[in-house]
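This report concerns only the one structure given below.
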Amino acid sequence: MNPDPPVPVLLDPEVDAVTAGGDLRPLHLRPRYLYVVFVGGVLGTLARWCAGELLGGGGSWPWATLLVNLVGAFCLGLLLEALLRRAPDRGWPRLARLHFGTGFLGSFTTMSALATEAVLLADRSQWWAAGGYLAVSLLGGVALAWCGVLLGSRLAEESA
């Protein structure tokens with residue numbers, strides 16, 4: 001006697017074989033999701049470029065990259081927590097996560113510029129500036145991501 005049918009085991013958390021009608025391809029191989037991430041990435045890159053133009057070089061300290069990365073960390077924490085608490089990762093919440101989180105914020109923030117600018121500061125023997133820049137970026141990013149998570153949690157509770 002077998003009382004319960006077997007529960008399907010998903011090998012990859014990004015694969016939704018049950019809800020996609022048997023489509024076992026991961027999300028990164030589905031054109032619909034690729035398009036959503038691509039459009040978000042283009043818009044995020046444009047937003048970062050605009051931020052850089054508005055903030056300028058800022059002298060020897062890379063303010064534009066620092067501000068963009070800190071804002072991006074906060075927004076990503078807020079977005080993911082709000083989506084997670086609102087609904088399962090299917091339908092529009094998945095599209096919002098991929099478009100705004102992976103696409104827009106993924107290209108809006110820039111870890112490569114952070115690393116390059118820290119190395120450039122160190123190459124000019126500005127060791128304290130390079131260390132301070134890395135510390136403020138990393139610690140500030142974690143702190144602001146946490147603040148975004150707290151705000152996202154509170155907003156989801158208030159709307160429920």
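Remember, predicted model here, so these are calculated numbers, not experimental data.
- Looking at residues two or more places apart in sequence or on another chain, you find no ring-ring contact (aromatic ring centres under 6.0 Å, His included) involving F100.
- With a 4.5 Å cut-off on side-chain heavy atoms, L66 and E117 do not count as touching.
- Here the OG-CG distance, from S137 to L67, works out to 10.5 Å after rounding to the nearest 0.5 Å.
- Judged by distance alone, with hydrogens and angles left aside, the side-chain atoms of R97 form no donor-acceptor pair with the main-chain N or O of L80 at under 3.5 Å.
- In this structure, the side-chain contact (heavy atoms from CB on, under 4.5 Å) partners of L29, at least two apart in sequence or on a different chain, are R25, P26.
- What you find for A96 and L79 is that their closest heavy atoms are O-CD2, 4.3 Å.
- Panel note: side chain S107, backbone T45; a donor-acceptor pair is recorded below 3.5 Å.
- For L121, the side-chain contact (heavy atoms from CB on, under 4.5 Å) criterion is met by P62, R124, Q126, A129, A130, Y133, not counting sequence neighbours.
- The closest side-chain heavy-atom distance from W92 to L83 is below 4.5 Å.
- Cluster annotation: L70 and V149 are assigned to distinct hydrophobic clusters (Ile/Leu/Val/Met/Phe/Trp/Tyr, side-chain heavy-atom contacts under 4.5 Å, transitive).
- At a cut-off of 3.5 Å, with distance as the only test, a side-chain donor of S159 or R86 sits close to an acceptor on the other residue.
- With hydrophobic clusters built from ILVMFWY side chains whose heavy atoms lie under 4.5 angstrom apart, L46 shares a cluster with F38.
- Listed by chain and residue number, R85 satisfy the salt bridge (Lys or Arg N to Asp or Glu O under 4.0 Å) test with E81 (two or more places apart in sequence, or in another chain).
- Residue pairs that meet the ring-ring contact (aromatic ring centres under 6.0 Å, His included) test with at least one member in residues 105-124, sequence neighbours left out, are F104-F108.
- In this structure, W146 CH2 and L151 CG are separated by 13.0 Å, a value rounded to the nearest 0.5 Å.
- Separating the CG atom in L27 from the CG atom in L34 is a distance of 9.0 Å, to the nearest 0.5 Å.
- For the atom pair CG of L54 and CH2 of W49, the computed distance is 9.0 Å after rounding to the nearest 0.5 Å.
- Between the side chain of T109 and the backbone N or O of L105 there is at least one donor-acceptor pair closer than 3.5 Å.
- Rounding to the nearest 0.5 angstrom, the gap separating the CG atom in L138 from the CE atom in M111 is 8.0 Å.
- L95 and L84 are assigned to two separate hydrophobic clusters, defined by single-linkage of ILVMFWY side chains at heavy-atom distances under 4.5 Å.
- With hydrogens and angles ignored, the 3.5 Å screen pairs a side-chain donor or acceptor of H99 with a backbone N or O of V36.
- A heavy-atom distance below 4.5 Å is not found between the side chains of L55 and W63.
- Summarising the geometry, atom CG belonging to L78 is positioned 11.5 Å from atom CG belonging to L144; distances are rounded to the nearest 0.5 Å.
- Between the side chain of N69 and the backbone N or O of T110 there is at least one donor-acceptor pair closer than 3.5 Å.
- Take R154 and apply the salt bridge (Lys or Arg N to Asp or Glu O under 4.0 Å) test, not counting sequence neighbours, and it matches no residue.
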